[in-house]
Amino acid sequence: MRAWQVERRKRTRHLIELGGLVVTAGIVELTGDDRATILGALLWMADKLQSEDGEHARGVWTTKGKNAFEAASATHSKTDPTGPAVRR
């Protein structure tokens with residue numbers, strides 16, 4: 001396989017994983033799959049991260065995300081011994 005193909009597959013996998021986070025967070029259902037709303041929320045998040053409150057927001061969001069990953073991992077490991085469904 002050529003180098004550009006390997007890089008393209010890595011990028012595709014990365015984008016799919018990011019999309020999975022949007023679905024896992026319930027954003028698709030909460031917005032009715034409205035792409036403008038989802039993009040607007042992401043732009044608001046980027047603005048927040050660039051503001052003087054950015055480090056605080058990052059800390060809060062990181063803690064919340066880690067807790068969600070741990071909860072998903074604990075739930076999945078109780079039902080399936082092969083491991084968590086949520087990737088880190």
Side-chain angles (χ1 to χ4, degrees):
M1 189 174 308
R2 297 185 178 195
W4 67 268
Q5 290 172 313
V6 171
E7 289 306 312
R8 183 174 177 190
R9 286 186 180 188
K10 282 183 189 176
R11 181 179 182 275
T12 299
R13 180 177 181 89
H14 182 72
L15 293 173
I16 290 168
E17 289 174 349
L18 291 173
L21 293 174
V22 173
V23 171
T24 299
I27 302 302
V28 175
E29 292 81 17
L30 291 169
T31 63
D33 200 10
D34 183 337
R35 310 292 168 90
T37 300
I38 294 169
L39 178 58
L42 292 170
L43 292 170
W44 172 80
M45 189 172 115
D47 286 344
K48 186 70 169 177
L49 288 170
Q50 293 173 5
S51 75
E52 59 187 50
D53 296 331
E55 286 307 311
H56 174 71
R58 182 184 309 273
V60 169
W61 296 338
T62 298
T63 300
K64 192 172 185 85
K66 285 180 180 180
N67 290 341
F69 276 132
E70 289 171 6
S73 178
T75 300
H76 192 291
S77 64
K78 289 178 184 175
T79 59
D80 181 359
T82 60
V86 177
R87 294 182 51 95
R88 293 181 214 203

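For Leu39, the side-chain contact (heavy atoms from CB on, under 4.5 Å) criterion is met by Leu43, not counting sequence neighbours. Legend: residues meeting side-chain contact (heavy atoms from CB on, under 4.5 Å) with Val6, ordered by chain and number and at least two apart, are Met1, Lys10.
Placement of Val28 and Leu42 within a single hydrophobic cluster is found when ILVMFWY residues are connected by side-chain heavy-atom separations under 4.5 Å, directly or transitively. The hydrophobic clustering, which links ILVMFWY residues whose side-chain heavy atoms are closer than 4.5 Å, places Phe69 and Leu18 together. No path of Ile, Leu, Val, Met, Phe, Trp and Tyr side chains, each step under 4.5 Å between heavy atoms, connects Leu21 with Ile27, placing them in separate hydrophobic clusters.
Remark: Arg13 CZ to Glu17 CD distance equals 5.0 Å, nearest 0.5 Å. Atom NZ in Lys66 sits 15.5 Å away from atom CH2 in Trp61 (nearest 0.5 Å).
Applying the side chain to side chain donor-acceptor pair (under 3.5 Å) definition to pairs two or more places apart or across chains, those involving residues 29-58 are Asp33-Arg35, Asp34-Thr37.
Arg11 and Glu7 are not joined by a salt bridge, as no carboxylate oxygen comes within less than 4.0 angstrom of a charged side-chain nitrogen.
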